[in-house]
Amino acid sequence: MENLVKNEQESPKRKKRKIEDEDEDGDREEEEEEEEEEEEEEVLDSMALWFTNDEEEDEDGGRDGFSDECETEDEDDDDEEEVVDSMALWFTNDEEEDEDGGRDGFSDECETEDEDDDDEEEVVDREKKKQKDPKWSSLEHKGPVFAPPYERLPETVKFWYNGEEMRLSEEAEEVACLYAKMLDDEHTTEEVFNKNFFEDWRNVMTDEEKGKITEFEKCNFKDMNTHIKREKTDEEKLALKEKNDELLKEYGFCKIDGRKEKIENKIEPPSLFIGRGEHPKMGRLKKRVEAEDIIINCGKDSKIPKPPPGHKWKEVRHDQSVSWLASWIGNVQNKTKYIKLDPSSKLKGETDKQKYETARKLHKNIEKIRKDYRDDWKSKEMRIRQRAVALYFIDKLALRAGNEKDEDQADTVGCCSLRVEHIELHEQKDDKEHVVVFDFLGKDSIRYYNEVPVEKRVFKNLQLFMDNKAPGDDLFDRLNTSIMNKHLNDLMEGLTAKVFRTYNASWTLQQQLDLLTNEDDTVAEKILSYNRANRAVAILCNHQRSVPPEVYKKNMEKLKEKIDAIREQISEGERKVKEAQRDAKLDSDKKEKEKETKLKHQLAELEIEKRNSNENKTESLNTSKLDYNDPRITVAWCKKYDVPIEKIYTKSQMERFGWAIVEAGPDYRF
DNA sequence: ATCGACACTTAGTAACAGCAGA
DNA sequence: TCTGCTGTTACTAAGTGTCGAT
């Protein structure tokens, strides 16, 4: 049971080997030269060896006729014309599609003119630009909604220490309640969680309490737990809801550029931190946030929000270059948190649209980019090869970029931070050639497992990258996300690694919708097709959702029943076949055999289904729907096939995608 | 290059609400 | 009318990517 619920692997020991550059001068950036002898179509396979030239040489010096010959031979694409075409297109786009250029009536000219000036002026210019490129011109709000204040426990509810009841000080009691509330949560069985909690709890205790409460094992929160978890009466619930609604009415909106718009979130109440996966900080106390922690951001001549009585803000500023209304620093991770506009806001809608526009631009350039990185697989420079193979993964598999992470976070990776231990190479696997098996924990410690047949050249490159490395070493030791993104930006303005995910997701949705939708289907059937297309995207992006244990168990039972039923049918069939054979009734024998193969096929599929759901995870369609699928594709599909949009989008999704619903006609193409 | 601060997007899960069937 | 399931929303963690300082 336990291991069914958990999907996490053992987190591998993190061991980052810094690859020191031998460069004494520190100045030099020349790379070692790698020579490739591999011939296309394994003509000279035995000669496929690599050697490193430690001697520093300039690019041309290292080139012998050998590699030239190789390159010419390797030219497998005969679509040179097309390449030229798309290149031309690319340059044209670059000139013309300067979308931001004209915004707000500020012309590019003045920027270009200023460029020649010296550094000081440049700084001033940047400042000016920041001012000139505001996200809003007026912003007024009433300040954030604070967490409800702590209410003390009734005297009758006790905390017990070492068998004795104890009345705690207000602060110690508040924090104890946070733990008590979680008693039946799995986390409280984890050692790290308890250790962190106890440490932080002791920090808020009075000296007296600190002296007494020294061993976590002697604490008993059971009474508090039952009190906190008691069912609320209907009146209580109603009162709570009313109070909440009122608060939201007053504080849940702001006025930005004359529009009244929803605010997305409130100040986070105190709690015990729960990270994802094996987080070293689980159980730490997330402290209550006070006005004194909060920076207010609003328009210069707007009404400044009032802090709660007896309090004052940490700071009030008027920064038009950002879109947040208030911010504070979370004490657990030491990261800034924001009160933000709701996704339904105009500002959010605009940036959302911009994201999809960049992805569409990538679509126009993708052929050239793909050709480029395929060429780079043959590069003489290691760093370029690594970059090219990584980009191939980002494009083909929609992997995330993979920034470096701190030690005090869960150990997860993305493309650029993959380690040798995260992939396995198989020359041959299940009658497929050159298979790479990916197995690693990605964002939110969600496991990514994929068996991918790749081009031989990629395979050979990976072998090279892994040569002489320990499992904990970086696969792409000459690469990180900023190198990758810098390169991508050179290929296309605005291009970064994440754009590939957006692009491939939206493109997949459109392709699948084209493929799966039948005009004459009923609305229900069309919706089914939509969900299938959506599911394809979720699978591409590895979006998962865990099924609660009880539900999971029930589903498994159902599945098992089905399997048993089919097994029964098969053995029944076999019996009939035998009978038929005995009676020499060839005709019915054949029919039964057909039936049998069909049933066996069904059985195999069910077994696969069982194996899949064994992971206790299934695709989550929501994330792709919200963040990856250009809503205009969906809107266009609905309009084209007469499916009411509200069958696809919920109320809040309709608000969020309002811009797309207005904009996209039935013929919109991504 | 490398780092940290910062702003913003993307992500899974808990809690809630609403509805169908007993 | 209750109950159990399901879709939706609330919540906030965990990514990405940029920028300026060192």
Side-chain angles (χ1 to χ4, degrees), chain A residues 7 18 21 23 26-27 29 122-123 126 130 135 147 181-182 185 237 240-241 244 248 264-269 271 273-277 279 281-282 286 295 297 319 321-324 327 329-330 332-343 347-348 351-352 354-355 394 399-406 409-410 412-417 441-446 478 480-486 488-489 494-502 505 538 541-548 550-551 554 617-628 649-656:
Chain A
N7 181 32
K18 258 261 143 47
D21 250 306
D23 279 358
D27 214 21
E29 268 157 34
E122 234 173 72
V123 172
R126 223 179 285 123
K130 213 176 168 185
K135 293 222 160 69
K181 195 160 61 177
M182 293 181 68
D185 188 309
K237 273 189 204 159
L240 212 69
K241 196 180 177 325
N244 199 29
L248 281 185
E264 188 183 35
N265 57 331
K266 313 178 200 170
I267 286 181
E268 295 165 16
S271 67
F273 176 85
I274 304 170
R276 310 270 164 85
H279 199 115
K281 293 198 167 179
M282 62 168 80
K286 243 174 71 174
I295 301 171
N297 192 37
D319 186 349
S321 72
V322 297
S323 64
W324 50 267
S327 75
I329 294 174
V332 175
Q333 312 236 49
N334 229 284
K335 277 169 78 182
T336 320
K337 309 231 175 188
Y338 303 94
I339 302 291
K340 305 170 281 198
L341 291 167
D342 191 77
L347 201 59
K348 285 277 168 95
T351 50
D352 208 28
Q354 186 52 54
K355 175 180 75 185
I394 286 171
L399 299 189
R400 295 188 186 82
N403 280 310
E404 313 266 305
K405 297 188 75 193
D406 290 341
Q409 291 171 291
T412 62
V413 297
C415 186
C416 295
S417 52
L441 297 187
K443 184 179 181 182
D444 294 306
S445 294
I446 297 293
R478 302 297 175 92
N480 60 39
T481 52
S482 74
I483 293 171
M484 177 63 83
N485 281 332
K486 218 168 156 233
L488 292 176
N489 197 255
L495 186 61
T496 63
K498 81 198 263 283
V499 179
F500 283 86
R501 252 168 100 78
T502 312
C541 295
N542 199 40
H543 290 140
Q544 299 186 16
R545 170 175 79 86
S546 67
V547 180
E550 323 84 60
V551 177
K554 216 176 267 173
K617 293 255 175 190
T618 160
E619 309 81 33
S620 155
L621 304 190
N622 265 333
T623 305
S624 45
K625 205 171 175 181
L626 240 42
D627 296 322
Y628 287 100
Y649 287 143
T650 67
K651 194 170 128 264
S652 63
Q653 286 166 349
M654 298 269 284
E655 284 168 14
R656 172 176 182 155

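Numbers restart at 1 for each chain; the letters A, B, ... are given by sequence-line order, proteins then strands. Just so you know, these numbers come straight off a predicted model, no measurement behind them. Worth knowing before you read on, the calculation uses all heavy atoms, side chains too, and leaves out hydrogens, waters and symmetry mates.
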Would you please confirm or rule out a distance under 4.0 Å between OP1 or OP2 of [N] and any side-chain N or O of [X]?
X        : N      : value
A/Tyr628 : B/dT9  : no
A/Arg501 : B/dA11 : yes
A/Lys335 : C/dG15 : no
A/Lys337 : B/dC6  : no
A/Thr623 : B/dG12 : yes
A/Lys286 : C/dA13 : yes
A/Ser652 : C/dT8  : no
A/Thr496 : C/dT16 : no
A/Lys498 : C/dG17 : no
A/Ser482 : B/dA1  : no
A/Asn485 : C/dG17 : yes
A/His543 : B/dT10 : no
A/Ser620 : B/dA11 : no
A/Thr481 : C/dT16 : no

For atom [atom1] of [X] and atom [atom2] of [N], their distance in whole Å:
X        : N      : atom1 : atom2 : value
A/Asn480 : B/dT2  : CG    : P     : 7 Å
A/Gln354 : C/dG17 : CD    : P     : 15 Å
A/Arg276 : C/dT12 : CZ    : P     : 11 Å
A/Asn403 : B/dC6  : CG    : P     : 18 Å
A/Phe500 : C/dG17 : CZ    : P     : 11 Å
A/Ile394 : C/dG17 : CD1   : C1'   : 13 Å
A/Lys625 : B/dT9  : NZ    : P     : 21 Å
A/Arg656 : C/dT8  : CZ    : P     : 15 Å

Hey, does [X] reach any base, or is it just sugar-phosphate, or nothing, if we go heavy atoms under 4.0 Å?
X        : value
A/Ser327 : nothing
A/Arg400 : sugar-phosphate
A/Pro343 : nothing
A/Leu626 : nothing
A/Ser323 : sugar-phosphate
A/Lys281 : nothing
A/Gly494 : nothing
A/Lys486 : nothing

- A/Lys181, NZ atom: more than 12 neighbouring heavy atoms under 6.0 Å: no
- Where the side chain of A/Lys405 is concerned, which of C/dG15, B/dC8, C/dT9 is the nearest nucleotide? C/dG15
- Testing B/dA17, B/dC8, B/dA11 for proximity to the side chain of A/Asp627, the answer is B/dA11
- Among all residues two or more places apart in sequence or in another chain, which pass the ring-ring contact (aromatic ring centres under 6.0 Å, His included) test with A/Tyr628? A/His543
- Message: Test of understanding: with side-chain hydrogen bond (donor to acceptor under 3.5 Å, both in side chains), list the residues that count as partners of A/Asn403, not counting sequence neighbours.
- Response: A/Thr481
- Item | 5′-ward residue of the pair A/Asp185/A/Lys355 relative to DNA chain B | A/Lys355
- Message: On the side chain of A/Lys443, is there an atom forming a donor-acceptor pair with the base of B/dT10 - under 3.5 Å, no angle test?
- Response: yes
- Query: Start at the 5' end of DNA chain C and walk down; is the nucleotide closest to A/Ala401 or to A/Gln333 reached first?
  - Reply: A/Gln333
- Task: Between A/Tyr649 and A/Phe273, just flag the one whose closest nucleotide in DNA chain C comes earlier from the 5' side.
- Result: A/Tyr649
- Electrostatic pair A/Lys286-A/Glu268, nearest N-O below 4.0 angstrom: yes
- Message: Distance check, rounded to the nearest 0.5 Å: A/Arg545 atom CZ versus A/Leu621 atom CG?
- Response: 7.5 Å
- Item | Interatomic distance, A/Leu488 atom CG to A/Ile483 atom CD1 [nearest 0.5 angstrom] | 12.0 Å
- Message: Between A/Lys405 and A/Thr412, do the side chains contain a donor N or O and an acceptor N or O under 3.5 Å apart?
- Response: yes
- Task: Report the relative orientation of the aromatic rings in A/His279 and A/Phe273; use parallel for angles under 30°, tilted for 30 to 60°, perpendicular for over 60°.
- Result: perpendicular
